[in-house]
Asks: 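Quick one: this structure, given as structure tokens, is what I'll be asking you about.
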Amino acid sequence: MIEETNDLLAVRRQKLEMLHQLGIDPFGAAFEVSGSIGEVRAAFAEGQRVRIAGRLTAHRDMGKSHFCDLSDATGRLQIYLHPKEMGATAASIFKNTDLGDFLGVEGETFITKTGEPTIRVSELVFLSKAKRPLPDKWHGLSDVERRYRQRYLDLISNEHSRKLFEQRAKIIREIRNFLHQRGFVEVETPMMQPIAGGAAARPFKTHHNALGLDLYLRIAPELFLKRLLVGGCPKIFELNRNFRNEGISRRHNPEFTMLEVYWAYADYEKMAELVEEMICHLAIQIHGSLKFDHRNEEGHLLRTIHLDRPWRRARYCDLIEQVAPGWFSSTPVDRRRRCFELGVEISPEMTDFEVTQQIFEKCVEEKTMDPLFVTHLPKELVPLAKQNREDPSVVDVYELIINGAEISPGYSELNDPEVQRRRLEEQSGGEAHAIDEDFLLALEHGMPPAGGLGVGIDRLVMMLTGAQSIRDIIYFPLLRPREVEVSPSDV
RNA sequence: GGGUUGUUAGCUCAACGGUAGAGCAGCGGCCUUUUAAGCCGUUGGUUCUGGGUUCGAAUCCCAGACAACCCA
């Protein structure tokens, strides 16, 4: 523990002690308000009695008159304090306030001669003491590490950050609205699973004491949602957290939010239509338009995303041929030489289809900003989807790319238990205990043909808001823990 | 895992190897309509940590911690 001794903290502690001596509880009680600060401001008219509560965020001292700002997440409103208006007791309480404290006020509204909506405070109630100072009111908090570690400070001082999280909440709410309107039912399946299936990723391990059972945090809900298809639930979705014990980057957090949707008797093409409609619905709700800009925090334009329908659809092979003509008729040696010419890094142990996939990722995916459904992918890339009837070397799936990243995959789901078993065995590399026999048992009772899709919600939010890092749209991204400083009075 | 960059007052940032500073916040004044209020005065530092080089290190070197970005 690092013990912090600091004048600023000492001053605040003294003021807190003064409040005690005045008989005031510095960590007060409930306070009835007329509405949030944003609501009161929106309904502002002169001569009304209103009550608001919020943090003290600015203090303009004019001698006997004080102009302060009270703020909450919805906005800011000026209050006017004068001993003649609020009385001596309130004035002595006010003397012991600091920026950051929570206050409740009651008073009559008026507009100052500079045109600022203001409350003339007649009653002042102390609601909570901030024992520590808040970040600079003008520059905010720019230290990215502290913005992630102490998100509350980021939210207090950076409006841009607040707005991103509001947009995230709205996107998630509108996804649920959209799917409910189309008759999909939200379900919840286990996050702790005896076998972590449904994707290829390293899981987190945990243990249940009473059952003496090792469990894994799920890497995907897929295999449980398919059990529900067997159980006769025809239109279902789950929108919740997945966990993967892998690296951290601008686009990866170990826990992330995933939407999975399953629709009995549909196929990947119907799922593509569904996801296209859904994302357009979200763009309209967020931006009021299918065209919107990505800007950095200084407001500079980074790019414009166009979601106008219909979205482009293209076969995997055709996309490769466009960036590397003659690719599929050239020899493996030629292909590796082409990679070098195109500046695509490959390693010697890569198989042919992995080399092709590198070309796809670097020359197609990363350069595709507007929506593109990639179809007819080689079956090696997607072992858990149905093979195409006309061309068994490809599978019936789409990969939706927007903003240079994969946003959503959609499959015609495999429902043949024998084929499924073979695929799972190939995937597990011969480790029998890794096969989810319970899932295969369910499939043997009959799963209807179905379409399924997944949407990485964090990447979707990044695409819709223009956030440049996943850490900007997850409240508390995983960081290595740090020593926390402790106040002397708390030790 | 590798490379690059960064870490200085509560916050935002300066400081050629030569006395660690500014703005805001804080504290003390002045001002009864201010808007990043203003004016006068003033407090505040383990320069991320530990070594080293040097007469002298925030600055140069080595190791470490944490973070950001790029690569794998």
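A note on names: the letters A, B, ... follow the listed sequences, proteins ahead of strands, and every chain is numbered from 1.
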Asks: In terms of side-chain heavy atoms of Leu141(A), which of A67(B), C11(B), U34(B) is nearest?
Replies: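 Of the options given, the side chain of Leu141(A) lies nearest C11(B).
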
Asks: Distance between the P atoms of G56(B) and U19(B), in whole angstroms?
Replies: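 One P to the other, the span is 15 Å.
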
Asks: Considering only A25(B), A68(B), C31(B), which nucleotide approaches the side chain of Tyr148(A) most closely?
Replies: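 Nearest to the side-chain atoms of Tyr148(A), counting from C-beta on, is A68(B).
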
Asks: Assign Arg250(A) to base, sugar-phosphate, or nothing according to its heavy-atom contacts below 4.0 angstrom with the strands shown.
Replies: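 Here Arg250(A) touches the backbone only, sparing every base.
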
Asks: Do His66(A) and His82(A) meet the criterion of a side-chain donor-acceptor pair at a distance under 3.5 Å?
Replies: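 Side chains of His66(A) and His82(A): no pair found under 3.5 Å.
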
Asks: Looking at every strand, decide which applies to Asp61(A) at a 4.0 Å heavy-atom threshold: base, sugar-phosphate, or nothing.
Replies: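 The residue Asp61(A) makes base contact.
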
Asks: Is the charged tip of Arg120(A) near the ring of Phe110(A): under 6.0 Å from the six-membered ring centre and within 45° of its axis?
Replies: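 Pair Arg120(A)/Phe110(A) counts as cation-pi.
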
Asks: Nearest to the side chain of Leu479(A) - A67(B), G44(B), C31(B)?
Replies: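 When the side chain of Leu479(A) is considered, A67(B) is the closest of A67(B), G44(B), C31(B).
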
Asks: Base of U34(B), side chain of Thr112(A) - is there a donor-acceptor contact under 3.5 Å?
Replies: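 Side chain to base: pair found, below 3.5 Å.
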
Asks: For the P atoms, the ones on G64(B) and on G44(B), what distance do you get once it is rounded to whole angstrom?
Replies: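 One P to the other, the span is 37 Å.
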
Asks: Can the positive tip of Arg218(A) be found less than 6.0 Å from the middle of the six-membered ring of Phe243(A), inside 45° of the ring normal?
Replies: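 Here Arg218(A) fails the 6.0 Å and 45° test against Phe243(A).
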
Asks: Tell me whether the rings of Phe67(A) and Tyr80(A) are parallel (<30°), tilted (30 to 60°) or perpendicular (>60°).
Replies: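 If you compare the ring of Phe67(A) with that of Tyr80(A), the planes turn out tilted.
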
Asks: Report the base-pairing partner of G23(B) (Watson-Crick or G-U wobble, both distances below 3.5 angstrom), or none.
Replies: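 G23(B) is paired with C11(B).
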
Asks: Among the candidates U33(B), G26(B), U43(B), find the nucleotide nearest to the side-chain atoms of Val11(A).
Replies: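 That would be G26(B).
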
Asks: Classify the nucleic acid contact of Gly247(A) as base, sugar-phosphate or nothing, counting any heavy atom under 4.0 Å across all strands shown.
Replies: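 Since no nucleic acid heavy atom lies under 4.0 Å of Gly247(A), the category is nothing.
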
Asks: RNA chain B: Ser469(A) or Glu345(A), which has the more 5' nearest nucleotide?
Replies: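 First, find each residue's nearest nucleotide; the 5'-ward one identifies Ser469(A).
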
Asks: Taking only N and O in the side chain of Arg132(A), is any of them less than 4.0 Å away from OP1 or OP2 of G10(B)?
Replies: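 It does not, given that no N or O in the side chain of Arg132(A) lies less than 4.0 Å from OP1 or OP2 of G10(B).
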
Asks: Among U33(B), G26(B), C66(B), find the nucleotide with the atom closest to the side chain of Leu8(A).
Replies: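 Of the options given, the side chain of Leu8(A) lies nearest G26(B).
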
Asks: Give a yes/no answer on whether the side chain of Lys15(A) brings an N or O atom under 4.0 Å of OP1 or OP2 in C27(B).
Replies: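 So the side chain of Lys15(A) is within the cut-off, an N or O lying under 4.0 Å from OP1 or OP2 of C27(B).
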
Asks: Reckon Arg60(A) has a side-chain N or O less than 4.0 Å from the OP1 or OP2 of U33(B)?
Replies: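 Indeed not, no polar side-chain atom of Arg60(A) lies that close.
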
Asks: Strictly by Watson-Crick or wobble contacts shorter than 3.5 Å, is anything paired with U5(B), and which nucleotide is it?
Replies: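 Partner of U5(B): A67(B).
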
Asks: Under the salt bridge (Lys or Arg N to Asp or Glu O under 4.0 Å) rule, what do Glu159(A) and Lys163(A) come out as? Steps first, then yes or no, please.
Replies: CA-CA 6 Å; Glu159(A) 192 187 342; Lys163(A) 191 172 175 211; over 6 Å; no

Asks: Side-chain N or O of Lys95(A) less than 4.0 angstrom from OP1 or OP2 on C27(B)?
Replies: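 No.
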
Asks: Which residues pass the salt bridge (Lys or Arg N to Asp or Glu O under 4.0 Å) test with Arg76(A), sequence neighbours left out?
Replies: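 Expected list: Asp69(A), Glu116(A).
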
Asks: Heavy atoms under 4.0 Å, any strand shown: does Ser142(A) hit a base, just sugar-phosphate, or nothing?
Replies: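 Contact class for Ser142(A): sugar-phosphate only.
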
Asks: Checking salt bridge (Lys or Arg N to Asp or Glu O under 4.0 Å) for the pair Asp352(A)/Arg336(A): CA distance, chi angles, key distance, verdict?
Replies: CA-CA 9 Å; Asp352(A) 271 2; Arg336(A) 283 163 173 76; 3.1 Å; yes

Asks: Is C60(B) paired to anything, Watson-Crick or G-U wobble with both distances less than 3.5 Å, and if yes, which nucleotide?
Replies: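 Because both required distances fall under 3.5 Å, C60(B) counts as paired with G52(B).
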
Asks: Does any donor-acceptor pair link the side chain of Ser65(A) with the base of U33(B) at a separation under 3.5 Å?
Replies: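 No, no donor-acceptor pair under 3.5 Å.
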
Asks: Do any side-chain nitrogens or oxygens of Arg471(A) fall under 4.0 Å of OP1 or OP2 in A68(B)?
Replies: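 Looking at the OP1 and OP2 atoms of A68(B), one of them is under 4.0 Å from a side-chain N or O of Arg471(A).
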
Asks: For the side chain of Tyr80(A), counting heavy atoms from C-beta on, which of U32(B), A67(B), G23(B) is nearest?
Replies: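 Output: U32(B).
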
Asks: The side chain of Glu116(A) is closest to which nucleotide in this list: G10(B), U33(B), U34(B)?
Replies: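 Minimum distance to the Glu116(A) side chain belongs to U34(B).
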
Asks: Under 4.0 angstrom, heavy atoms only, what part of the nucleic acid is Arg120(A) near: base, sugar-phosphate, or nothing?
Replies: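 Base contact - Arg120(A) has a heavy atom under 4.0 Å of at least one base atom.
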
Asks: Less than 4.0 angstrom between a side-chain N/O of Lys137(A) and OP1 or OP2 of A25(B), yes or no?
Replies: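 Yes, such a contact exists.
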
Asks: Quick one: look up who C16(B) pairs with, Watson-Crick or G-U, both distances under 3.5 Å, and put none if it's unpaired.
Replies: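 Paired with no nucleotide.
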
Asks: I'd like to know if Gln78(A) reaches the base of U34(B) with its side chain, counting only an N/O donor and acceptor under 3.5 Å.
Replies: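 Between U34(B) and Gln78(A), which were checked side chain against base, a qualifying N/O pair under 3.5 Å is present.
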
